[in-house]
2 protein chains.
Amino acid sequence: MQKKPYISMPVIRRLPRYYRFLRHLDKRGVTRISSKELSEKMGFTASQVRQDFNCFGGYGQQGYGYGVHQLCEEIGSILGVDRAHKCILIGAGNLGKAIATHISYNFAGFDLIGIFDNSEQVVGQQIADLRVLPAAGIRRFCSENAPLMAILCVPDSAVKSVVELLYDIGIKSYWNFSHYDIALRYPDTIVENVHLNDSMMTLCYRVTENEKSS
Amino acid sequence: MQKKPYISMPVIRRLPRYYRFLRHLDKRGVTRISSKELSEKMGFTASQVRQDFNCFGGYGQQGYGYGVHQLCEEIGSILGVDRAHKCILIGAGNLGKAIATHISYNFAGFDLIGIFDNSEQVVGQQIADLRVLPAAGIRRFCSENAPLMAILCVPDSAVKSVVELLYDIGIKSYWNFSHYDIALRYPDTIVENVHLNDSMMTLCYRVTENEKSS
DNA sequence: TAGATTGTTAATCGATTAACAATC
DNA sequence: TAGATTGTTAATCGATTAACAATC
């Protein structure tokens, strides 16, 4: 039973990192860790680590630290990585293929049940145990299989109409690799954006700054 | 000439979004925009937009708004997208291929000059006008071509040794798609992480929360 | 018990929002 | 001039850090 239901966004964004690291420790047989140790290995402050873990109740023991296995399980369960939300992927280019493969190797709460593309060259290909289906079949597939989330790996030119279709079908959660601002158009959706271009420009800024100052 | 040299991290992360949107407007022939209009189309507050633009000096006019073209150019120049920092990509799997293709289509300050992989099946393939080279040749290639940044699309198991090599060669900037924490080991590096797994887990959390509450 | 380390409160810091005078 | 909208200061909000009493 969770103590406090509210976890702030910065904390939520740190949870996956904690989870990955704790799972790593757990696999290596480490049973306990203090907030100080953890903070040093992760680049946070010990204060922040304790503050973060306190959001979801006391899994630590004074004078001892935190039980790695228990904490890992707890964070995993909060994140929901023990679930298997059904999802579909639209756009099976290089990025789509990479993501599809990634999902099947790095299980994190989602079960990929369908891959779609509208290029004839791609339809029929086998990716991560799935055969790429024609985009024309999305609506029917969804009414039969009721996926909860869609992964968008389509070009920016196609994404608007794809989202219109998916939203109409009832899909409200998106992992979006395009630059279309879904959350602005459809405020009742859950959207996680991965904007590679923005990431690259931010890096470019920092590299450029560094060059200037040296 | 920039007024203030300091731009805070949250602002820097917003600059690419401004840049993309302003370029879009510019291409469509829009010449002026007010902070209010911009804020509505981007999901910020007007206050924040003005505050952000003020970091780098007055490109607005009272009673009029901002000149789209001028502002776009200025942000682009701050980001450094008008540069062509030489970079190499390590790991030409699906993700590496997607990124390589992405860079050549969405120019944002970097010029990809080499792609490396250690799999014989991949070496020799043609990606985005480049032929994939054997990983064994990285050191020599770098001493001849002096790339400034490396893109890491290698599996987590290989990344540690790859970074050791690249750092030794003198590369201090990384676009990192693996889960190896470069900045923690090498504090003098510039690292931009894209952690797909963390992004997916954050999405999973939000989807799971949403399910619980409904 | 003494030492260690949490849980939690208070202090600080920084970012966002609000307000409004300046001015085009 | 009147209306609009910026530039900038002040107020608010939230997140991080520091401190320390509680307690294993």
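Between the C1' atom of C/dA4 and the NZ atom of A/Lys36 lies a distance of 11 Å, rounded to the nearest Å. Remark: C1' of C/dT6 and CD of A/Gln62 are 4 Å apart, rounded to the nearest angstrom. For the pair A/Gln51 CD and D/dC20 C1', the interatomic distance rounds to 14 Å; values are reported in whole Å. Atom C1' of nucleotide C/dT16 and atom CZ of B/Phe44 are separated by 12 Å, given to the nearest angstrom.
Seen from the ring of A/Tyr66, A/Arg32 does not count as a face-on cation partner, given the 6.0 Å and 45° thresholds.
Contact check, A/Ser47 against D/dA18: no side-chain N or O comes under 4.0 Å of OP1 or OP2. Here A/Gln48 reaches the OP1 or OP2 of D/dT16: one of its side-chain N or O atoms lies under 4.0 Å away. Between A/Tyr66 and the phosphate of C/dG7, there is a side-chain N or O to OP1/OP2 separation shorter than 4.0 Å. Taking side-chain N and O atoms only, B/Thr45 has a distance below 4.0 Å to OP1 or OP2 of C/dT17.
Picking from D/dC20, C/dA15, D/dA15 the nucleotide with the shortest atom distance to the side chain of A/Arg50 gives D/dC20. Closest to the side chain of B/Arg32, from the set D/dT5, D/dA15, C/dT16, is D/dT5.
Considering B/Trp175, B/Tyr174, B/Tyr180 as possible partners of B/Phe177, the one that fulfils the ring-ring contact (aromatic ring centres under 6.0 Å, His included) test is B/Trp175. Checking A/Ile169, A/Leu166, A/Leu112, A/Ile113 one by one against A/Pro147, the side chain to side chain contact (heavy atoms under 4.5 Å, CB included) holds for a single residue, A/Ile113.
The distance from atom CD1 of A/Ile12 to atom CD1 of A/Ile78, rounded to the nearest 0.5 Å, is 10.0 Å.
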